[in-house]
> 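The structure is given below, and queries will be raised subsequently.
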Amino acid sequence: MTYENVREADPAVADALEGERERQNNTLAMIASENHVSEAVMEAQSSELTNNYAEGYPGERYYGGCEYADEVEELAIERAKELWGADHVNVQPHSGSQANMGVYLAALEPGDKILSLDLTHGGHLSHGHPVNFAGQVYEVEQYEVDEETGYIDYEGLADHAEEFEPDVIVSGYSAYPREVDFERIQETADAVDAYHLADIAHITGLVAAGVHESPVGVADFVTGSTHKTIRSGRGGIIMCDEEYADDVDSAVFPGSQGGPLMHNVAGKAVGFGEALDPEFEEYAEQTIANAKALGDRLQEHGLELVSGGTDNHLVLIDLRPSHPDTTGKEVEEALETAGIVLNANTVPGETRSAFNPSGIRAGTPGLTTRGFDEDACREVADLIYDVADAPDDDDLIAEVSARVDGLTDEYTLYD
Ligand SMILES: *Cc1c(COP(=O)(O)O)cnc(C)c1O
């Protein structure tokens with residue numbers, strides 16, 4: 001894509017857009033929730049559908065002029081059904097958080113009870129944190145991971161559910177490196193007569209490719225972001241059984257949104273189409289293989305991983321055992337200077353603050369899209385270790401930066 005028209009109309013914005021392209025081309029995007037979509041997805045997202053008002057659903061819109069919006073939305077829905085095997089799909093949520101809001105509105109009354117994973121243990125703000133609307137409208141309690149093993153404490157969750165009697169149990173996480181046992185959480189939800197919302201925001205692509213257990217057909221509601229491992233247009237998605245279809249649809253529109261972002265829905269349709277290609281399964285498998293290679297090498301260097309490894313696309317490093325005086329933020333900043341972009345993250349049993357936590361979260365979806373294999377990820381692990389070990393060493397940072405340049409030159413991204 002070129003920004004010719006933006007350049008002519010608005011050089012300041014064109015500079016920033018080109019700066020961002022350069023930044024993505026020349027750095028390693030290891031924020032576990034990020035990915036690089038195809039030029040086709042980006043083109044669709046910048047289409048004339050941005051001008052269209054398509055309030056309502058295909059075939060039942062409030063305004064005229066929606067025949068192409070209908071085509072695009074129907075394609076997105078059909079492809080999503082095929083990818084995840086869902087009965088009913090709503091592709092209109094503006095984001096993953098909006099998808100969760102839609103489910104809460106469909107399933108709960110204000111004051112109802114949510115049981116979700118603690119944010120510092122890998123949960124998400126939209127699962128009922130006090131700063132999020134869900135924490136203000138609903139009564140929220142949280143379950144945890146076992147701090148010894150780093151795995152979800154399924155027994156603790158079952159006991160907590162029995163005691164708290166939640167209306168909904170939320171599974172699915174932002175910083176959890178292990179496979180989630182959705183069936184087991186469903187059993188707990190059934191035992192206390194609660195709904196189960198499985199938020200697969202991070203692992204949408206892994207589930208679609210069949211390389212992670214699927215909650216579709218197990219949990220009552222499944223939500224996701226559509227721009228993470230699934231690599232489609234930016235936004236959210238809700239999947240559910242037919243029995244909840246009307247409630248979910250009216251909770252999204254008019255319950256919590258106005259006109260859908262039809263250009264983004266077009267991006268979702270294109271990205272879902274790409275994910276139906278058998279090559280996408282290879283991508284998902286490689287993403288996990290890369291995370292395992294990254295994690296193994298980090299451990300060989302003596303860094304400790306929460307849960308001792310990974311089953312998915314991310315690793316969570318706890319710096320405290322190997323580097324008790326170094327914070328995640330320091331390492332994040334030093335790595336960014338060197339061209340490796342990831343984020344400081346809380347770890348189970350966090351002893352620092354959320355703003356300057358003890359962990360580092362690193363994901364492989366973006367690197368795998370660029371073509372990285374296990375060897376290249378092991379090289380990245382060496383670089384991460386070197387910087388974590390000496391975040392104040394400017395000569396070292398310069399050396400790492402040069403090796404990052406070598407990698408980004410070898411594995412190119414956008415023209
Ligand atoms: C990323 C994420 C979301 C929110 O997605 P947005 O699209 O950023 O709103 C929700 N839940 C989980 C578990 C996530 O990781």
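For this chain, numbers begin at 1 and follow the sequence in order. Just follow the structure's listing: the first ligand is 1, and inside any ligand the first atom is 1. Everything numeric in this text was worked out from a predicted model, so none of it was measured.
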> Counting only nitrogen or oxygen atoms and a 3.5 angstrom limit, does Gly96 reach ligand 1?
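The answer is yes, given that Gly96 and ligand 1 share an N or O pair closer than 3.5 Å.
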
> Side-chain donor-acceptor pair under 3.5 Å between Glu374 and Gln286, yes or no?
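Yes, because at least one side-chain N or O of Glu374 sits under 3.5 Å from a partner of the opposite role on Gln286.
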
> For ligand 1, which atoms have a heavy atom of His227 less than 4.0 angstrom away?
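Heavy-atom distances to His227 below 4.0 Å select 7 (O).
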
> Is the closest basic N to carboxylate O distance between Glu73 and Arg61 below 4.0 Å?
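Salt bridge between Glu73 and Arg61, a charged N being under 4.0 Å from a carboxylate O: yes.
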
> Between Ser174 and ligand 1, which residue portion shows a heavy-atom distance shorter than 4.0 Å: side chain, backbone, both, or neither?
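Both backbone and side chain.
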
> Is a salt bridge present between Glu141 and Lys113, judged by a nitrogen-to-oxygen distance below 4.0 Å?
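The answer is no: the pair does not qualify as a salt bridge.
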
> Out of all atoms in ligand 1, which are within 4.0 Å of some heavy atom of Asp199? Include the element for each.
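Per the distance check, 10 (C), 11 (N), 12 (C), 13 (C).
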
> Is any NZ, NE, NH1 or NH2 atom of the basic residue among Glu332 and Lys329 found under 4.0 Å from an Asp or Glu carboxylate oxygen of the other?
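A salt bridge is present here (some side-chain N lies under 4.0 Å from a carboxylate O).
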
> When you compare ligand 1 with Gln98, is there at least one nitrogen or oxygen pair between them that comes in under 3.5 angstrom?
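Min N/O separation from ligand 1 is not below 3.5 Å for Gln98.
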
> Can you tell me how far the CG atom of Leu319 sits from the CG atom of Asn345, to the nearest 0.5 Å?
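Result: 11.0 Å between the selected atoms.
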
> Numbering the atoms of ligand 1 from 1, which are under 4.0 Å from a heavy atom of Ser225?
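Matching atoms, with element in brackets: 1 (C), 3 (C), 4 (C), 5 (O), 6 (P), 7 (O).
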
> Which of the atoms in ligand 1, numbered in the order shown and given with their element, are less than 4.0 Å from a heavy-atom of Lys228?
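Result: 1 (C), 2 (C), 3 (C), 5 (O), 14 (C), 15 (O).
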
> Return the set of residues passing side chain to side chain donor-acceptor pair (under 3.5 Å) with Gln45 (not counting sequence neighbours), or none when no residue passes.
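For Gln45 there are no side chain to side chain donor-acceptor pair (under 3.5 Å) partners, ignoring immediate neighbours.
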
> What protein heavy atom lies closest to atom 3 (C) of ligand 1? Include the residue and the distance to one decimal.
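Protein heavy atom at minimum distance: His124 NE2, 3.3 Å.
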
